[in-house]
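Contents: one structure, followed by commentary.
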2 protein chains.
Amino acid sequence: MMDLRQLRYFVAVARERNFTRAAHMLHIAQPPLSRQIQLLEEDLGVPLIIRKSRPIRLTEAGRLFYEQALQVLGRVEQMQAATRRVGLNQNSVVSIGFVASTLYGGLPSLVRKLRQHAPEVDIQLLEMVSVQQIPALKEGRIDIGFGRLRHSDPNVVGMVLREERLVVAIPKDTALAEDASPLAVAALAGQKVIVYPKEPRPGYADHVLNLLQSHDARPAEVQEVREIQTALGLVAAEAGVCIIPSSARQMRSDVHYRLLEGEGATSPVILSHRVGDNSRYIELVKRLIEEMYAENPPWLDPAYNFVPNHASDGSPAAHLETF
Amino acid sequence: MMDLRQLRYFVAVARERNFTRAAHMLHIAQPPLSRQIQLLEEDLGVPLIIRKSRPIRLTEAGRLFYEQALQVLGRVEQMQAATRRVGLNQNSVVSIGFVASTLYGGLPSLVRKLRQHAPEVDIQLLEMVSVQQIPALKEGRIDIGFGRLRHSDPNVVGMVLREERLVVAIPKDTALAEDASPLAVAALAGQKVIVYPKEPRPGYADHVLNLLQSHDARPAEVQEVREIQTALGLVAAEAGVCIIPSSARQMRSDVHYRLLEGEGATSPVILSHRVGDNSRYIELVKRLIEEMYAENPPWLDPAYNFVPNHASDGSPAAHLETF
DNA sequence: GCCTATGATACCAGAAAGGTATCGTAGCAG
DNA sequence: CTGCTACGATACCTTTCTGGTATCATAGGC
């Protein structure tokens, strides 16, 4: 079974391009080092080093493994340092899971506000899709989730912060892109459609596919990709159209966007947390979100968003009634 | 010394919230499991688990460690899978290091083209700043670098693909933002300036600071941050102005941009590779870049870019003469 | 073709992991 | 409040694995 020791050893060998010298750096003798590398190669079932050459060289697989091993070792060190810091300073940690699109909405300024108002907490940000957020909340891996899918888990409470209108991304210089006016969902019938994320299901892709189906807009072809970046890249490459939340328009300016019109052509932004989690930071986050919404940031443009009235009244208790 | 075994054991305990059950899952007896967790805590110098409670709970540090351990273990599996795939299929790997801003330029479509023209290669993308690309090239960790700083290492050849004009990001609703016309560099004297990245030096931050100095535009205050995202966030929060390559304008639309005018108010995009690396993929990449430039993509708008003539003539050999 | 630097192999010693038996205690039932 | 039970810690032994020493095999420069 693979082991961090083997990674450290391999990195030393790859860096030095010499077993003897690497063994020296590691403060061990050369034969055990040779053996550990052999074990590693055996475990992977792939040779990493070309030995019949002086100085030794890495195979293609070895080069890849070297690069990745460096990253993993760096990550482990970060992890140790972060854990020690939190453990020794008795700092609190607030772990926030979020879907990528919230990066183009209020998340950055929320995090900034949170750091200002609670400098003593360690804020951990983890990108994860909506369905991953529920188990992550229950296991305590995150404390707060910002997602885009409604759920009904009895142990997790969700609160709709806003409903964001959807836009369709269209390749420039096509018929649909001649107009900037809002477009009915039904008008997408017969188009090649690109959806994301491919997995895990159910996800935002299904939300989009449901929307199309409920408007009898059967696409000519559906292509699934892993991320919104890729999806928009494909739109730019004229591979089809793609439906995204309006705030994500910022990601690319080389495609054309049109607002979608029709029943359900929105996507909610949902804040979730554990039922009965009475950490003071949950309340603080809710208060900061209200504050932020009251400031009318550009991504909250009423042309593209609908904010449920309870989210803007002064009573935090009202939020909990959303589900 | 920390060990992947300990991570796996800790993850099992954290997930099960029960040592005995976790030991079962791991196919070992409970006492060794307890001991490994103790060793782990000792190594970190931080308690991870609150045992005087049934079921056991994680400390704050433990929660953080759990989350990160999951990520590390996932990363290790990915690494094994990728290495096996490359090793067994004898696929080639082309490793590309790039600075973040090229993501807003031609990198995505170059990668797409490369995948189309050479589906048998594994393309690895690694974000790294310009100065990190030189050692990464020499150690073989990457084969191609897209950076923004000129260098003069005898073992690495660089080729200027284009000179991109710089723009200054200005908070909305300030005096400088009232106009959209080009701005002289000297006009930035006395402004609070935000630069990135903080490290490693020398980097793009120094390029910007040199530019200001050479135009006698002494800033009132310089703040260094780690990434362009943060820098633009601070601009949006009215903490100052920030100079970025024009293609990065797409990143945020809630700040105001003005083109910079003046000697040297550009930033090159430089392709680097090892001297004497005659992999056919290097040539392919150069050909694809030429092809791409010939298509006049939106990020190559001549209002914002200057392409050296040798990069658009038909002769690949000319490129090598750039340095 | 020889010499040297360097990696592999063989084999032994010590450290560390895992197993079994047993003890101590949190949490709950009554 | 008391005793029971589930479950983690401790003690101690066995097995496995890592590291060390001695020695052999070979790539590459002269």
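Proteins get letters first, then strands, A, B, ... in listed order; numbering begins at 1 in each.
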Taking the side chain as every heavy atom from C-beta outward, state whether B:Leu110 and B:Phe146 have any atom pair closer than 4.5 Å. yes
Can you list everything that forms a side chain to side chain donor-acceptor pair (under 3.5 Å) with A:Gln6? Sequence neighbours excluded, please. A:Gln36
salt_bridge(A:Glu60, A:Arg63) N-O dist < 4.0 Å: yes
Between B:Arg84 and A:Gly45 (side chain of the first, backbone of the second, donor and acceptor by atom type, cut-off under 3.5 Å), is there such a pair? no
Return the value, rounded to whole Å, for the distance between atom CD1 of B:Ile37 and atom C1' of C:dG18. 15 Å
Find out whether A:Leu126 and A:Arg141 are in side-chain contact, i.e. whether some heavy atom of one side chain is under 4.5 Å from a heavy atom of the other. no
Phosphate contact (D:dG8 OP1 or OP2) by B:Ser34 side-chain N/O below 4.0 Å: no
Using modelled atom types and a 3.5 Å cut-off, is there a donor and acceptor pairing between side-chain atoms of B:Ser92 and backbone atoms of B:Val121? no
For residues 14-25 of chain A, which residues have at least one heavy atom under 4.0 Å from DNA chain D? none
Whole-Å distance, B:Leu4 CG to C:dA17 P, equals 14 Å
For A:Tyr204 and A:Val129, what are the C-alpha separation, side-chain angles and deciding distance, and is it a side chain to side chain contact (heavy atoms under 4.5 Å, CB included)? CA-CA 8 Å; A:Tyr204 174 72; A:Val129 301; over 6 Å; no
Rounded off to whole Å, could you give me the CD1-to-C1' distance for the B:Ile28 and D:dG8 pair? 14 Å
Could I get a table of every N or O pair under 3.5 Å where one atom is in the protein and the other is in nucleotides 21-27 of chain C?
from	atom 1	to	atom 2	distance (Å)
C:dG27	OP1	B:Arg54	N	3.0

Mark yes or no for whether A:Arg274, through its side chain, and A:Ile142, through its backbone, hold a donor-acceptor pair below 3.5 Å. yes
Nearest whole angstrom, please: distance from the C1' of C:dA15 to the CG of A:Asp3. 15 Å
Using a heavy-atom cut-off of under 4.0 Å over every strand shown, decide if A:Arg5 touches base, sugar-phosphate, or nothing. sugar-phosphate
Whole-Å gap separating P (C:dG19) and CG (B:Leu33): 10 Å
Specify the residue among A:Ile56 and A:Arg35 whose closest nucleotide of DNA chain C lies further upstream toward the 5′ end. A:Ile56
Would you please say whether a donor-acceptor pair under 3.5 Å links the side chains of B:Glu42 and B:Gln38? no
Of the candidate nucleotides D:dG19, C:dG18, D:dT21, which contains the atom at the shortest distance from the side chain of B:Pro32? C:dG18
Roughly how many Å is it from NE2 in B:His27 to C1' in C:dG19, rounded to a whole number? 16 Å
What is the distance, rounded to the nearest whole Å, between atom CZ of B:Arg8 and atom C1' of C:dA17? 14 Å
Between A:Gln38 and C:dT9, does any side-chain N or O lie under 4.0 Å from OP1 or OP2? yes
Could you state the atom-to-atom distance from CZ of B:Arg57 to C1' of D:dC7 in whole Å? 17 Å
Rounding to the nearest 10°, end axes of the helix from C:dG1-D:dC30 to C:dG30-D:dC1 built from five pairs each make an angle of 40°
Contacts of A:Arg17 that satisfy side chain to side chain donor-acceptor pair (under 3.5 Å) - sequence neighbours left out: none
Is a side-chain donor or acceptor of B:Glu41 paired with a backbone partner of B:Ile49 at a separation under 3.5 angstrom? yes
Could you pull out all residues at least two apart from B:Gln132 that satisfy side chain to side chain donor-acceptor pair (under 3.5 Å)? none
